[in-house]
There are 2 protein chains.
Amino acid sequence: MPVAHDKMKKRLNADIQKPKIVKQFYKTILAQGFEGASVAKVAKQMQIHPSLILHYFGNKENLTLALVDYVIDAYGSLLKKFKSQDLTPEDRLERLLEALWSREYYEKIDVAGSFAVLAVSFRNEKIHHKIRELYRGLKKFLVREFTYLMDHQVVAAKDPAHMAEVVMTMTEGSRHFRRFIIEEESGDNGQIRRYNQQMMEAAWHYLTGKQKTWPTDPGFSAFPGTPFVR
Amino acid sequence: MPVAHDKMKKRLNADIQKPKIVKQFYKTILAQGFEGASVAKVAKQMQIHPSLILHYFGNKENLTLALVDYVIDAYGSLLKKFKSQDLTPEDRLERLLEALWSREYYEKIDVAGSFAVLAVSFRNEKIHHKIRELYRGLKKFLVREFTYLMDHQVVAAKDPAHMAEVVMTMTEGSRHFRRFIIEEESGDNGQIRRYNQQMMEAAWHYLTGKQKTWPTDPGFSAFPGTPFVR
DNA sequence: TATAATTAATTGAACGTTCAGTTAATTGTT
DNA sequence: AACAATTAACTGAACGTTCAATTAATTATA
């Protein structure tokens, strides 16, 4: 009969352990890249046996697919905020663009994680399909928003589907590009903040046809740069 | 005295062999991903010995750095076309946007290759720096163009550096996004063509403040640009 | 006791790298 | 033109690691 002592590890059921493994896999990818994220390393950091991971996921591909689901869930969760907000149409658009270029949004899933997943999507049709579904949902959401704002004379009368695609292109381009705009000497957050505002203003101009100088700095006052995964 | 027979393999000097290796490395990455592109696989496809690759490049990191240079060269080569063209300012802008969203441009370096390199750039400061230099050059070029076009009243009076960053964001976003807009059933070229035109029009609007409907390409004019959301 | 969670022990293949050795091409000297 | 000296291209075998995966055994929990 085993006696409980300090070092004894609690057994966790699958509902708890599986997400833990996926999150650690994600963290490992951020730190080491997809190539560097082996099952063994993930297990070691969790202090479990590598076989346990394979026990749960069968093979590495399934683990990767679970990770994609995790990334997609986190990615899409921000949209739920907009479900029932009571704002004037103009404020609504402002908030939407601020959300899309907020630090919270683009740090929710580290761009390095996105890249790893996207890179794999070129060779894995299942993953490619999952990402396409993500974008489809995002687009649907934006089309609904833009249609509403069009009815209220805030955005110009163009095809909302086109607008959605252009805005999505701009946000994804920003995720990509943000890392590379920083001047070596001056560096840091000021640049990125300026860049984000600049992109919001461009999006605003594209959508409404009007110039706008952005009033506040979104994401920075409300959320003091807390990365999502630690 | 060596007699030439069919199986005899010519010895190639470094100037020929090294670029060959880099190109095959690139091809292998496209097919197998960065993780899948081992020195051994590259060597096998070239029918040379793995050691030869290490002989030339010392280690895999150097091979990767050489690849990045190759990608960057190919990437930046299109800009040279614009060096001395004789066009009206308006045509010049039109051609520029067409070049940025041309199939030639975005197929020059397969986006899968870009992603592989970009993914590695998160973990390799040398590669990150190289890419930053690429963008710096691209930006410089665009700033010069936009300044010229501003002086000739074609683009609106904004900060040309901002404009350059926004346009670069849009092109990079397009590279990224293009793969995911395709509807499964209807598929392929018509969609991408429509998408590219749509992005060019958005860029034109952002730069000039004016609407523009892009002249349709003769080959594709049969297809009505139907957006894909249900 | 039955079942799920977890570890243990191994496997064979592939990885990047090393190093010593071989063969071809180039160069310098006569 | 001959030919040795030298350089450059290239191979082969083996190194120690790490990889994902399999199979069997053990342990905790319900």
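Numbers restart at 1 for each chain; the letters A, B, ... are given by sequence-line order, proteins then strands.
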(message) Expressed as a whole number of angstroms, how long is the span from B:F34:CZ to C:dG16:C1'?
(response) 12 Å

(message) Please classify the nucleic acid contact of B:K44 as base, sugar-phosphate, or nothing, using heavy-atom distances under 4.0 Å.
(response) nothing

(message) With a cut-off of less than 4.0 Å, is there a side-chain N or O of B:Q17 near OP1 or OP2 of D:dA8?
(response) no

(request) Provide, to the nearest angstrom, the distance between the CE atom belonging to B:M46 and the P atom belonging to D:dC10. (result) 9 Å

(request) Please report, rounded to the nearest Å, how far the P atom of D:dT26 is from the NE2 atom of A:H55. (result) 18 Å

(request) Would you indicate, yes or no, if D:dT11 has its OP1 or OP2 atom less than 4.0 angstrom from a side-chain nitrogen or oxygen of B:S51? (result) no

(message) Between A:E133 and A:K130, does any side-chain N to carboxylate O distance fall below 4.0 Å?
(response) no

(message) So A:K18, base contact, sugar-phosphate only, or nothing? Heavy-atom distance under 4.0 Å.
(response) nothing

(request) Identify, between A:N59 and B:P50, the residue whose nearest nucleotide on DNA chain D lies closer to the 5' end. (result) B:P50

(message) For B:F177 and A:Y135, I'd like to know if the aromatic rings sit close, meaning centre-to-centre distance below 6.0 Å.
(response) yes

(request) Figure out the NE2/P separation between A:H49 and D:dA25, and round it to whole Å. (result) 16 Å

(message) Tell me the interatomic distance from B:I48, atom CD1, to C:dT23, atom C1', rounded to whole angstroms.
(response) 16 Å

(message) If I take atom CG in residue B:D15 and atom P in nucleotide C:dT26, what distance separates them, rounded to the nearest angstrom?
(response) 12 Å

(message) Nearest whole Å is fine: how far is D:dT27 C1' from A:L52 CG?
(response) 13 Å

(request) Would you check if the distance from the ring center of B:H128 to the ring center of A:F180 is below 6.0 Å? (result) yes

(request) Using whole Å, report how far OH of A:Y56 lies from P of C:dA4. (result) 11 Å

(message) Strictly distance-based, threshold 3.5 Å: is any side-chain N or O of A:K60 a donor or acceptor partner for the main-chain N or O of A:V39?
(response) no

